[in-house]
Asks: 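I am attaching a structure below and will ask some questions about it afterwards.
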Amino acid sequence: MALILGIESSCDETAAALVTSDGRVLAHRLAGQEEAHRPFGGVVPELAARAHVEMAVPLVEGALADAGVTLADVDAIAATAGPGLIGGVMVGLMTGKALAHAVGKPLIAVNHLEGHALSPRLADRDLAFPYLLLLVSGGHCQLLLVRGVGDYRRLATTIDDAAGEAFDKTAKLLGLGFPGGPAVERAALEGDPKVVRLPRPLVGSGEPHFSFAGLKSAVLRARDAGVHRPEDIAASFQQAVVDCLVDRTRIAIGVADGATALVVAGGVAANQAIRTALGVLAVENGLAFSAPPLWLCTDNGAMIAWAGAERFAAGLIDDMDVPARARWPLDPNAEKARGAGVKA
Ligand code: KG4
Ligand code: ZN
């Protein structure tokens, strides 16, 4: 049994966790930065990097204390090496390298997306490869066939915004506050999803790609019409996202060779309406359904430690000159989606 320290710092969450190779989370600590970014209505990269500098080592010390272990007990140190806001990634990766060097333990450079992609296997130890993964976060919206550790085939991506980005922009447009996803979900509970007619971009198209930019523009027009309650716009928006995700995932199920489970991960997977709708879709298609608990959906250190544990078990360790990467696709062979903008 191996013990892995995981460090996460790719966006606006600094986190450290200790996880065993048999899937026990011995400790996980997390420091959010909502207060620092709230005045700006979004994550400010330099403020994020500065906060990671302050929090990374105290969180590692706290996690070690919670677990009652020292760095000498750890078998490997895993740190997010991208993709993400580069300043933050550099802080976390350098922290991991320094600790690994100081105690002479192997370093594992983890792709943040692989952290999300494998997190369902930490939550559900029976979940076997291959599975169809809907990865929905602030920066990504992808359908992936997860064939094994480090072995991903991207079936679809967004041609413009990520799903979480659409939630965040909608929250901002409606004045619901920051962070946007949970704020929209709360407002939607008080609203009627049938009141505002919003588009379902790409629904019905043969390839399972996503698009959310048009939906955001429609939210802006609905708001400016001045006749709808923000709660009704929020509920209608959330329903539109649910319909898009379900329709696109249904297409991907048709080409997800060998998958016996549908899995959802990433921050947007914390949304209850989305979890419920995907669970129904899985049942309709004879697939098992798996969604990690909410704390494991949004960014955290345990998913990085767990991806580290899976890589360590596969003998995948990294050299000390491994780079920090702002961009790092899980499937390097994936072609650009047709019609995709610069972000895809
Ligand atoms: O995975 P994550 O924590 O960070 C990234 O890697 O991007 O995802 C953050 C995204 C944000 O866009 C946030 O608004 C969204 O996940 N999110 C939600 C909910 N909780 C977080 N979106 C919808 N409903 C939620 N309950
Ligand atoms: Zn994430």
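One-based numbering, in listed order, for ligands and for the atoms of each.
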Asks: Quick check on the Zn ion (ligand 2): does C11 put an N/O/S atom closer than 2.8 Å to it?
Replies: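 No - counting backbone and side chain alike, C11 has no N, O or S atom under 2.8 Å.
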Asks: Which atom name does D299 have for its N/O/S atom nearest to the Zn ion (ligand 2)?
Replies: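 Considering only N, O and S atoms, D299 comes nearest to the Zn ion (ligand 2) through OD1.
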Asks: For ligand 1, which atoms, with element, lie under 4.0 Å from some heavy atom of G164?
Replies: 12 (O)
Asks: Identify, for atom 21 (C) of ligand 1, the protein heavy atom at the shortest distance, and state residue, atom and that distance.
Replies: G267 O, 3.4 Å
Asks: Can you sort out which atoms of ligand 1 are near H112, meaning under 4.0 Å from one of its heavy atoms?
Replies: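 Atoms satisfying the 4.0 Å criterion: 6 (O).
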Asks: D192 side chain to D232 main-chain N or O, any donor-acceptor pair under 3.5 Å?
Replies: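 Flag not set: sc D192 to bb D232 has no pair under 3.5 Å.
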Asks: Heavy-atom distances under 4.0 Å are what count here, so tell me which part of Q272 touches ligand 1: side chain, backbone, both or neither.
Replies: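 Contact part for Q272 vs ligand 1: neither.
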Asks: Output the list of atoms in ligand 1 that are nearer than 4.0 Å to some heavy atom of G139, sorted by atom number.
Replies: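 Numbered from 1, ligand 1 contributes 7 (O).
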Asks: By number and element, which atoms of ligand 1 are closer than 4.0 Å to a non-hydrogen atom of H116?
Replies: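 In order of numbering, the contacting atoms are 1 (O), 6 (O).
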Asks: Please state which protein non-hydrogen atom is closest to atom 11 (C) of ligand 1 and give its distance, to 0.1 Å?
Replies: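 Result: D168 OD2, 3.5 Å.
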Asks: Are E54 and R50 close enough, and set up right, to give a salt bridge (Lys or Arg N to Asp or Glu O under 4.0 Å), and what steps lead you there?
Replies: CA-CA 7 Å; E54 291 174 16; R50 288 169 184 261; over 6 Å; no
Asks: With a 3.5 Å distance limit and no angle check, can you tell me whether R200 reaches the backbone of L198 through a side-chain donor-acceptor pair?
Replies: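 Looks like yes, one N/O pair under 3.5 Å.
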Asks: Going by the closest heavy atom to atom 2 (P) of ligand 1, which one wins out of V136, N300, D299, V241?
Replies: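 Residue with the shortest heavy-atom distance to the ligand atom: D299.
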Asks: Between R121 and Y131, is NZ or CZ placed under 6.0 angstrom from the six-membered ring centre and within 45° of the ring axis?
Replies: no
Asks: Which heavy atom of F312 sits nearest a heavy atom of P106, and at what distance?
Replies: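 Nearest pair, atom of F312 first, then P106: CE1-CG, 4.0 Å.
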Asks: Contact between ligand 1 and P182 is defined here as a heavy atom of the residue under 4.0 Å from a ligand atom; is it met?
Replies: yes
Asks: Identify the protein heavy atom lying closest to atom 18 (C) of ligand 1, giving its residue, its atom name and the separation to 0.1 Å.
Replies: G181 CA, 3.5 Å
Asks: Is it the case that over 12 heavy atoms from other parts of the model lie below 6.0 angstrom from the CZ atom of R197?
Replies: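 No.
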Asks: Specify whether F178 and H37 have parallel, tilted or perpendicular ring planes, treating 30° as the upper limit for parallel and 60° as the lower limit for perpendicular.
Replies: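 If you compare the ring of F178 with that of H37, the planes turn out perpendicular.
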Asks: Decide whether the shortest distance between a heavy atom of P179 and an atom of ligand 1 is less than 4.0 Å.
Replies: no
Asks: Test your reading of the structure: does E13 have an N or O sitting under 3.5 Å from an N or O of ligand 1?
Replies: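 No, E13 has no N/O under 3.5 Å of an N/O on ligand 1.
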Asks: Under 4.5 Å between side-chain heavy atoms, counting indirect links through other Ile/Leu/Val/Met/Phe/Trp/Tyr residues: same cluster for L330 and V264 or not?
Replies: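 L330 does not cluster with V264.
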Asks: Take R29 and D66, measure what salt bridge (Lys or Arg N to Asp or Glu O under 4.0 Å) needs, and give me the verdict at the end.
Replies: CA-CA 9 Å; R29 288 235 183 172; D66 290 350; 2.9 Å; yes
Asks: Of all the heavy-atom pairs spanning L145 and D257, show the shortest one and how long it is.
Replies: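 Looking at all heavy atoms of both residues, the shortest contact is CD2-O, 3.8 Å.
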Asks: To which protein heavy atom is atom 24 (N) of ligand 1 closest, and what is the distance rounded to 0.1 Å?
Replies: N271 ND2, 3.1 Å
Asks: Among protein heavy atoms, which sits nearest to atom 26 (N) of ligand 1, and what does the distance come to when rounded to 0.1 Å?
Replies: E185 OE1, 2.7 Å
Asks: Write out the residue and atom name of the closest protein heavy atom to atom 7 (O) of ligand 1, then the distance separating them to 0.1 Å.
Replies: G138 N, 2.8 Å
Asks: Does any N, O or S atom in H116 come within less than 2.8 Å of the Zn ion (ligand 2)?
Replies: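 Checking H116: at least one N, O or S atom is under 2.8 Å.
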Asks: Is there a donor-acceptor pair closer than 3.5 Å between any side-chain N or O of D75 and the backbone N or O of L3?
Replies: yes
Asks: Give me the ring orientation class for H116 and H112: parallel if the planes are under 30° apart, tilted from 30 to 60°, perpendicular past 60°.
Replies: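 Plane angle over 60°, so perpendicular.
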Asks: Before signing off on this row, confirm whether F167 and ligand 1 have an N or O atom pair separated by under 3.5 Å.
Replies: no
